[in-house]
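Fair warning: this is a prediction, and the values are worked out from it, not measured in the lab. FYI, the numbering just counts along the sequence from 1.
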Amino acid sequence: MDSPLGTMNFQQIELYKRIQAFALDRPDSQLSFSQRLAKDNGWSLGYTQRAIEEYKKFIFLAVAAGHPVTPSDQIDQVWHLHLTYTRLYWQEFCPKILQTTLHHEPTRGGSSEQLKFGSWYSKTLESYEQFFGHIPPIDIWPKPKDRFGRDLHFIRINTQQSWVLSKPNLTIFLKPQLRKIGIFTFLVFLSLMITSCQIISQIPNPINFTGSEFLTFYIFLVVMGIALAAWLRFSLCLVSANINQQPDLNTYEIAFLAGGNHRLIMAAIASLVKQGYVEVLKEGKLVVTGKIDAIADPVEKAVAQDILVTDGAIEQVFQKSTGMKDSIRSRLEQLGLFLSDAQAFKAQIYPSLIVVILLGIGLYKMAVGISRDKPVGLLLICIFGLLVLGARFFVKPQRSRYGEIIFDDLTNRLQHLKTANSSDSELVLAVAFFGATVLMADMALADLYQMLTPTAVASSGGDGGSGGSDGDSDGGCGGCAGCGCM
């Protein structure tokens, strides 16, 4: 992970170093702070250590962000436990490490408090990205709607008196076995359509239905077929992944997730231009002006070498450069964000076959109608509607369902980057996620925008594929916790 020190002034750097060096675990304790924290919350030691690391970042933000901050519930649990070590907190941590007092301010309840702490939490997430240069992990810093919704329902339970059973998370994923059920259902559907058994032979031939009878039958068949195709597509895009943990993605992995290899190369070019390794010439070419060996990032170095080989012709750069595509895609597949080629093929071909069969039935009936001098206008409209509804199934999916969830979450979190400019430290991330359109408003980036825009249009599609809880509820200290320098 990149060091955040480059975004801080001298006083903030010193504060950050002091907080990072401060140890909550004491060597003379048989039950350490982290062990107690893990035991009280039912966390693994690995997750507990990550929560403590995020707590230290939160404490830094509480002192350095310049505005009131609110922790996630997970961070709040670390803070609660730290406060119980009163001598450690008040006699050592605040005066010597923070060099100021830091009080815990729980909510007083009511809708105004809910809105206040919701706003503070959103600002805390924004300051986190600004200071540390990456999105906070979602399994420790959940989205605002989860922070002030789902996370308000934690309670203490005596496990010797009560059993604890987890609710199934059906809103995000189904069981992997549903893929097999979906495929089985699909095969049954095909069998019913193409098999001429004794039972089916007793059913009237739909082709011989009258116009109104066939339209009713066909509309019903289309609705059921599209529903089955959508379910198959959904089921086949599921992957096994840890959905409770936000994947730690770098800028170029985010670029590939958003727009494939084309977007990745675009972001690398923007970074090279911003760092001064590459310049945009008036004649619409790129030229390498710095030493390639000095480029630290492997993706940027590979793209810079391709710029040299292609003599800076932007179209050839996009055609030739791979930008470490295979390794990045492989990592996204391992994280469960991208589908493998085999799984993507199944998710494309199986639903598409259903649409093709429905089209075949409709076109055959239309041909029969024309041969019998019957009107086929309404049937033609139904077939056109089927094409509109079914067109998306012919597009090969790239992102998994989990990848779509992460993509949607990134879209919400990075909305502020749509107005990035040349002086913005997150300009490259903005280009990585939203493409060249973010360069449009800044005259200093006009040449780069004009160069990248035609390729962005020509290659779109590529390889890649807040609310809160009830305002009248009292979240208590853990529900709407806030803090500030008092």
Side-chain angles (χ1 to χ4, degrees), residues 173-197 199-200 203-239 260 338-372 374-405 407-408 460-465:
F173 285 110
L174 302 175
K175 295 287 186 181
Q177 287 81 359
L178 283 182
R179 298 180 198 166
K180 298 179 180 179
I181 297 175
I183 294 173
F184 174 77
T185 306
F186 167 71
L187 294 176
V188 170
F189 180 84
L190 284 181
S191 298
L192 291 175
M193 294 302 301
I194 64 177
T195 303
S196 176
C197 62
I199 296 177
I200 293 179
I203 300 175
N205 186 353
I207 300 300
N208 294 325
F209 285 172
T210 64
S212 59
E213 290 174 341
F214 183 82
L215 281 176
T216 302
F217 166 76
Y218 190 63
I219 290 173
F220 173 78
L221 198 65
V222 166
V223 171
M224 295 300 295
I226 291 295
L228 177 60
W231 184 44
L232 273 175
R233 176 89 160 198
F234 180 88
S235 301
L236 291 167
C237 285
L238 295 178
V239 295
F338 255 55
L339 299 174
S340 65
D341 287 336
Q343 190 171 353
F345 177 77
K346 292 177 183 177
Q348 176 191 27
I349 197 67
Y350 291 170
S352 298
L353 281 175
I354 295 178
V355 177
V356 169
I357 291 172
L358 293 173
L359 282 173
I361 295 173
L363 292 173
Y364 181 75
K365 176 60 176 179
M366 187 170 69
V368 171
I370 292 174
S371 68
R372 296 175 181 176
K374 301 293 184 179
V376 294
L378 291 178
L379 179 57
L380 184 62
I381 293 174
C382 291
I383 293 174
F384 179 77
L386 172 62
L387 284 172
V388 172
L389 292 174
R392 66 189 183 95
F393 298 118
F394 292 92
V395 178
K396 188 176 183 180
Q398 300 295 333
R399 291 188 290 260
S400 66
R401 292 302 307 165
Y402 178 47
E404 293 292 347
I405 291 171
F407 178 79
D408 291 341
S460 61
D463 305 86

>> Counting C-beta onward and ignoring hydrogens, is there a side-chain heavy-atom pair between Phe394 and Val356 closer than 4.5 Å?
In response: yes
> Quick one: are Ile361 and Phe214 in side-chain contact, heavy atoms under 4.5 Å?
Replying inline: yes
> Which heavy atom in Lys346 sits nearest to a heavy atom in Leu236, and how many Å separate them?
Replying inline: O-CD1, 3.5 Å
> When rounded to the nearest 0.5 angstrom, what is the spacing between OH in Tyr402 and CZ in Phe407?
Replying inline: 15.0 Å
> By side-chain contact (heavy atoms from CB on, under 4.5 Å), which residues pair with Phe384, not counting sequence neighbours?
Replying inline: Val388
> Minimum heavy-atom separation for Arg399 to Phe338, with atom names?
Replying inline: CG-CE1, 3.8 Å
> Arg233 and Phe393: which non-hydrogen atoms are nearest, and at how many Å?
Replying inline: NH1-O, 3.2 Å
> How many angstroms lie between atom CG of Leu378 and atom CD1 of Ile383, to the nearest 0.5 angstrom?
Replying inline: 11.5 Å
> Sub-3.5 Å donor-acceptor pair from the side chain of Gln343 to the main-chain atoms of Ser340, do we have one?
Replying inline: no
> What's the spacing between Leu221 CG and Thr216 OG1 if we round to 0.5 Å?
Replying inline: 12.5 Å
> Between Gly390 and Val355, what is the shortest heavy-atom contact and its length?
Replying inline: CA-CG2, 4.1 Å
>> Would you say that more than 12 heavy atoms from the other residues, nucleotides or ligands in this model lie under 6.0 Å from the NZ of Lys374, or not?
In response: no
> Taking it one step at a time, do Tyr218 and Leu386 satisfy side-chain contact (heavy atoms from CB on, under 4.5 Å)?
Replying inline: CA-CA 10 Å; Tyr218 190 63; Leu386 172 62; 3.4 Å; yes
> How close do Ile219 and Cys382 get, heavy atom to heavy atom, and via which atoms?
Replying inline: CG1-SG, 3.9 Å
> With sequence neighbours left out, what residues match Ser371 under side chain to side chain donor-acceptor pair (under 3.5 Å)?
Replying inline: none
>> Which heavy atom of Ala344 sits nearest to which heavy atom of Pro397, and what is that distance?
In response: CB-O, 3.3 Å
> Can you tell me how far CD1 of Ile349 sits from CD1 of Ile354, rounded to the nearest 0.5 angstrom?
Replying inline: 11.5 Å
> Residues two or more places apart in sequence or in another chain: which of them pass side-chain contact (heavy atoms from CB on, under 4.5 Å) with Ile370?
Replying inline: Met366, Val376
